[in-house]
Amino acid sequence: MFEELPLFPLQASTFAGQVDALYFFLVAMATFFVVLIFGTVIYFTAKYRRRSATERPPPIHIDMRLEILWSIIPLILVMISFGWGASLFVHMSQAPEDALELRAVGRQWMWKLQHPSGAREINQMHSPVGKPIKVILASEDVVHSFYVPAFRIKMDVVPGRYTATWFEANREGEFHLFCTEYCGTQHSGMIGRVVAMKPVDYQRWLTSQAGEEPIAVSGERLFQQLRCETCHQTTSTAQGPALTGLFGRQVKLESGESVLADEAYIRESILNPHNKIVAGYRPIMPTYQGQISEDALHQIIVYLRTLGRAPEEKNPS
Ligand code: HEC
Ligand SMILES: [Cu+2]
């Protein structure tokens, strides 16, 4: 609708129209009340100004109906904004299960991306139109923020943890990718582009990126190179628990609690193994903090996930 105006970025994802609609609703509501309130203030200032030094206004009696009316109407409007905003927020925070997963790492001052097939890119993100795409984000140094205005998505990238965002592009084209969290002297140069293309073109592009192995294969190789295997075999040993089927399962901890084995848990288990000890095991796993890059962690986690999910995760009923 506002595409001719250079003020507004293109609407290139399924979210864009919805985000804009909410935005314009809020702007329209705010404008309406600003005009109404300031207009009334100015008008009444003139109308009821003091006309003589001895003038005393008559006492005012409260009209309850009016009081209730101007409490209820704002309440309804605020609840509409809240409900609308919250449902859109929840929708935008939950990537569909079948989303294609891209893994990204932000660092001073570039974006590194890897596709499930292994294809890597720097400051570029090729993606198919009409498919949900989830981007799992990690930072190697400071806080960055992954921002694609045309998709109306923005997600902070925080060192020490994963964050994620998703989108479904609804038109082909090239769109800006910005870092929108000040991250050092060359922050303004931390820009890239998203190339949204037809699914067939995306497949063609993937095959043209020869020489890369799938993320899970790199992860498996790292698992061997880092000698995780000495303690983690396919069956549980006195040394370490089997990691098959770990992802998505509830893990019993030595402390008596149980935790869901999601990506955050697996990440923590590798970097700070002593934070959460699996019940029945001794805390002998060394920390890999500082020895595994964010890229490598992504790969190991993808590999561990391919070792199977817990049955209840596989068939949600
Ligand atoms: C010296 C043996 C040893 C090595 C080497 C080792 N681990 Fe562990 N690991 C353990 C033990 C013991 C536990 C269970 C106790 C705990 O939670 O720390 C464990 C727990 C884990 C868990 C949590 C498992 C669960 O069931 O919740 C993960 C994930 C994990 N390790 C991954 C790795 C990866 C990846 C590597 C290689 C980079 C690795 N480990 C290397 C001994 C080891
Ligand atoms: Cu940045």
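Quantities reported herein were computed from a predicted structural model and do not represent experimental measurements. First listed ligand is number 1; within each ligand, the first listed atom is number 1.
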**Request:** Apply salt bridge (Lys or Arg N to Asp or Glu O under 4.0 Å) to the pair R103 and E294, showing each step before the final yes or no.
**Result:** CA-CA 10 Å; R103 304 221 149 221; E294 288 293 344; over 6 Å; no
What protein heavy atom sits nearest [atom], and how far off is it?
atom	result
atom 36 (C) of ligand 1	C228 SG, 2.8 Å
atom 10 (C) of ligand 1	M285 CB, 3.4 Å
atom 19 (C) of ligand 1	H232 CE1, 3.4 Å
atom 13 (C) of ligand 1	P241 CD, 3.4 Å
atom 5 (C) of ligand 1	Y288 OH, 3.4 Å
atom 26 (O) of ligand 1	L246 CD1, 3.5 Å
atom 16 (C) of ligand 1	V278 N, 3.7 Å
atom 24 (C) of ligand 1	L243 CD2, 3.7 Å

**Request:** Verify the ring-centre separation between F15 and W166: is it less than 6.0 angstrom?
**Result:**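 For W166 and F15, the ring centres are under 6.0 Å apart.
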**Request:** Evaluate the ring planes of F8 and Y23, with Trp represented by its six-membered ring, and classify them as parallel (under 30°), tilted (30 to 60°) or perpendicular (over 60°).
**Result:**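 Ring orientation, 0 to 90° scale: perpendicular.
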**Asked** How are the rings of Y147 and F178 set relative to one another: parallel (under 30°), tilted (30 to 60°) or perpendicular (over 60°)?
**Response**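 Y147 and F178: tilted rings.
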**Prompt:** ligand 1 and Y265, any nitrogen or oxygen pair closer than 3.5 angstrom?
**Reply:**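 Yes.
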**Message:** Let me check your reading of the structure: within less than 2.8 Å of the Cu ion (ligand 2), is there an N/O/S atom from H187?
**Reply:**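 Within the cut-off used here (under 2.8 Å), H187 places no N, O or S atom near the Cu ion (ligand 2).
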**Request:** Could you confirm whether M190 has any N/O/S atom lying under 2.8 Å from the Cu ion (ligand 2)?
**Result:**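 Here the distance criterion (N, O or S atom, under 2.8 Å) is met by M190, so yes.
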**Request:** List the atom of K252, the atom of S258, and the distance in Å for their closest heavy-atom pair.
**Result:**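 The answer is CA-CB, 4.2 Å.
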Check whether any heavy atom of [X] sits under 4.0 Å from an atom of ligand 1.
X	answer
P283	no
P273	yes
K276	yes

**Item:** Interatomic spacing from OG1 in T165 to CD1 in I153 - rounded to 0.5 Å
**Value:**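 Between T165 OG1 and I153 CD1, I get 4.0 Å after rounding to 0.5 Å.
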**Request:** Could you tell me the separation between the CD atom of Q94 and the CZ atom of F89, rounded to the nearest 0.5 Å?
**Result:**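 Rounded to the nearest 0.5 Å, the CD-CZ separation comes out at 9.5 Å.
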**Message:** Out of A261, G240, S269, C231, who is nearest to atom 23 (C) of ligand 1 when you count heavy atoms only?
**Reply:**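 Comparing heavy atoms across A261, G240, S269, C231, the nearest one to atom 23 (C) of ligand 1 lies in S269.
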**Item:** Cation-pi check, R267 onto Y162 ring (under 6.0 Å, within 45° of axis)
**Value:**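 Yes, cation above the ring, under 6.0 Å and within 45°.
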**Request:** May I ask you to check if R305 and F247 form a cation-pi contact, with NZ or CZ under 6.0 angstrom from the six-membered ring centre and within 45° of the axis?
**Result:**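 Ring-cation test returns yes.
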**Request:** Report the part of V251 (side chain from C-beta onward, or backbone N, CA, C, O) that has a heavy atom under 4.0 Å from ligand 1; answer both or neither where that applies.
**Result:**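 Near ligand 1, V251 shows its side chain, while the N, CA, C and O stay back.
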**Within reach of ligand 1, part of L222 (heavy-atom separation under 4.0 Å)** =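 Contact part for L222 vs ligand 1: neither.
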**Prompt:** Are L246 and L307 close enough, and set up right, to give a side chain to side chain contact (heavy atoms under 4.5 Å, CB included), and what steps lead you there?
**Reply:** CA-CA 8 Å; L246 171 65; L307 296 181; over 6 Å; no
**Heavy-atom side-chain proximity of P159 to E140 below 4.5 angstrom** =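 When only atoms from C-beta onward are counted, E140 and P159 do not touch, as no gap falls below 4.5 Å.
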**Request:** Would you indicate whether the side-chain heavy atoms of H144 and Q108 approach each other to under 4.5 Å?
**Result:**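 The answer is yes; the side chains approach within 4.5 Å.
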Suppose I only count heavy atoms of [X] and a 4.0 Å limit; which atoms of ligand 1 are within that range?
X	result
R227	5 (C)
Q239	11 (C), 12 (C)
I284	1 (C), 12 (C)

**Request:** Could you verify whether a donor N or O on one side chain and an acceptor N or O on the other, from Q114 and D295, lie under 3.5 Å apart?
**Result:**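 Looking only at side-chain atoms, D295 and Q114 do not form any donor-acceptor pair under 3.5 Å.
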**Item:** C179 SG and H144 ND1 subtending at the Cu ion (ligand 2) (10° steps)
**Value:**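 Rounded to 10°, it measures 120°.
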